[in-house]
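Take a look at the structure set out below.
Every chain is numbered from 1 and lettered A, B, ... according to where its sequence line falls, protein lines coming before strand lines.
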Amino acid sequence: MVRSNDVLFEDAVIEILSRLPVKSLLRLRCVCKSWCDLVKNPNFISKHLKNVDTRLIVIYMDEDDGTDQFYYPTDLFCLFTDETLEDLSLQDLDLQQPIGGSVSGPYDGIYYIVGLDHRMYLWNLAMGECRRLPKCRATFPHYTRVLCTNVGFGLDPMGNDFKLVLIFTLWNEKRNKSHEFSHCAVYNLLSNSWRDFESFKSIHYSRPHSYSCTYSDGVCYWLWNLHHNQQIIIISFDMGKEVFQEIQGPDIDESAYETLGLYYDSLSLLFLNLIKNCFEIWVMKSTNWSKQLSVGSIPGVNEPLGFWKNGSIFLQSDSQRLLLYDPNTQETRDLGLRSFSFSVYKYKESLIPIKGEDNFFNFFDIPWHVLGVSETDTCPN
Amino acid sequence: MAIMYALKSSDNEIFEVEQKVIEQSETIKKMIEDGAATGEIPLQVSSKTLAKVLEWCKQRQHKTVENENDDNKGKRKKERDEDDDIKEWENKFSDELKADKDVLFDLLLASNYLDLPALLSFLCQLVADMVAGKMPEEIRRMFNIENDFTPEEEKAITAEHGWAFQP
């Protein structure tokens with residue numbers, strides 16, 4: 001067979017394998033040593049992330065159908081199995097452990113979870129791998145608690161390692177107001193360790209939007225507001241240089257439901273223009289904003305949710321349906337879900353290895369609630 | 001009158017091809033530009049494989065020419081029809097290759113050698129789809145790869161992600 005031209009063939013094999021689902025690759029590691037090494041290779045992991053399909057994850061609240069007298073609304077995590085969304089089959093996602101504080105992500109296929117034990121976890125959904133992070137021993141002033149945490153995760157292209165960034169907004173319990181400064185901590189995946197990072201003055205910001213970040217080209221972005229006039233501000237963090245920066249938001253009319261995301265790979269803002277009653281997309285190119293698209297009002301639809309592929313956007317109708325609008329064809333599709341709140345996420349399977357020292361889930365296959373982890377095991381406050 | 005070139009396969013068969021068709025290959029384009037291609041162009045590709053390469057190139061050529069002649073009016077509808085046609089053609093092309101793995105792998109090597117990125121990417125996806133659901137032993141046979149793990153090593157790796165071996 002094709003053994004005549006081994007070097008050429010090796011390139012072709014890398015091309016072929018980088019197009020396979022994670023499950024196949026975990027199985028095909030057994031083929032031979034060189035394939036096994038390839039799947040762990042950081043360059044291959046990046047290449048695979050570029051080639052693999054983007055799919056849709058929706059988090060929504062289930063509805064009371066009146067049959068359960070002890071009904072309590074719960075968050076449902078669902079993955080649309082078909083990346084083209086032609087077939088609307090859903091797969092329930094098992095988060096593996098109860099969530100205490102928050103879930104953020106997915107970033108390159110990785111979720112950040114605060115568990116019931118107040119500890120932080122990273123979880124690679126496709127590989128079924130989970131890591132309990134070492135405690136983040138940040139030192140805060142007395143009488144302080146964490147009011148909210150902004151989360152960022154992504155590749156540091158300079159160090160060729162993944163980093164988790166947390167921005168803690170602190171509350172002074174004695175004076176009953178926010179601290180003037182936010183505290184930051186950075187976690188490196190390779191070294192499995194935390195570093196405290198310089199604090200920055202943040203008293204003039206408010207954070208009415210999602211605590212998650214949008215990652216693009218080595219930089220994390222969060223959508224904040226200026227406290228005094230509610231003007232939109234983007235806070236960016238360069239993963240390589242480890243520098244925060246404040247970026248002016250676009251100069252827009254009165255708006256609602258602002259969300260930050262990637263529109264054709266560029267950082268963009270999607271919102272409802274309350275004056276003109278239309279949806280607008282503004283794109284940022286080297287800190288300058290320009291209006292990219294305006295979608296005239298769609299009857300019965302007021303809430304934009306986020307960006308999808310090929311310039312499409314997700315919307316929620318007043319009748320609580322999840323819709324996908326394609327500006328190219330001007331068609332709106334109902335994705336078959338009903339809920340009073342939706343969160344939409346782009347998801348890519350990834351090979352980023354999460355398994356590490358602190359991961360006892362894979363060593364003992366014991367359900368979480370049996371472990372009896374005590375609530376006193378607190379972090380980071 | 002289109003400029004024609006003669007390609008000579010490794011088993012000495014001659015293929016007469018239009019310049020525009022064969023210039024999709026960066027390798028041949030360079031040979032023509034360098035003036036190395038006077039008379040017959042000898043290629044390290046068998047006639048069977050070369051015929052497949054040219055089939056692909058002609059189909060691609062067709063598509064680009066038609067797009068150039070389009071005016072914008074009514075383009076969307078036409079584009080969609082064209083996309084359907086191309087998909088149908090590609091499906092037929094894939095089915096033939098899936099049936100003959102030797103030709104498929106030879107074509108993969110040829111697309112690399114002739115520097116035809118679109119064909120290379122198409123074939124890699126095709127092989128990836130064929131490989132995705134298979135077990136390691138089937139893959140070793142398919143790619144002619146020797147298992148260089150000891151049974152203990154293999155068992156350890158298998159155990160690490162046992163669920164990946166379930167259907």
I'd like to know if the side chain of A:Arg27 and the backbone of B:Ala132 have a donor-acceptor N/O pair within less than 3.5 Å. yes

Answer key: most heavy-atom pairs under 4.5 Å with chain A among B:Leu120, B:Ile139, B:Leu108 is B:Ile139

Considering all heavy atoms, the nearest A:Cys30-B:Thr158 contact: SG-OG1, 3.5 Å

Residue A:Asp265 excluded, over 12 heavy atoms near CG under 6.0 Å: no

Those residues of residues 17-26 of chain A that come under 4.5 Å of chain B on a heavy-atom basis, listed by number, are A:Arg19, A:Leu20, A:Pro21, A:Lys23, A:Ser24, A:Leu26

Would you say the ring centroid of A:Trp35 lies under 6.0 angstrom from that of B:Phe149? no

Do A:Cys36 and B:Ile157 come within less than 4.5 Å of each other through their side chains, counting heavy atoms only? yes

What part of B:Ser121 gets closer than 4.5 Å to chain A, counting heavy atoms only: side chain, backbone, both or neither? both

B:Asp148 side chain to A:Cys32 backbone, donor-acceptor under 3.5 Å: no

When rounded to the nearest 0.5 angstrom, what distance separates CD in B:Glu146 from NZ in A:Lys33? 11.0 Å

Are more than 12 heavy atoms from other residues, nucleotides or ligands located less than 6.0 Å from atom CG of A:Asp161? yes

Which atom names give the shortest non-hydrogen contact between B:Lys134 and A:Leu28, and what distance separates them? O-CD2, 3.8 Å

What residue in B:Asp129, B:Val127, B:Leu123 has the most heavy-atom pairs under 4.5 Å with chain A? B:Val127

State whether the number of non-hydrogen atoms from other residues, nucleotides or ligands found under 6.0 Å of A:Lys346 atom NZ is greater than 12. yes

Could you point out which residue of A:Ile16, A:Asn51, A:Asp11 forms a side chain to side chain contact (heavy atoms under 4.5 Å, CB included) with B:Cys124? A:Ile16

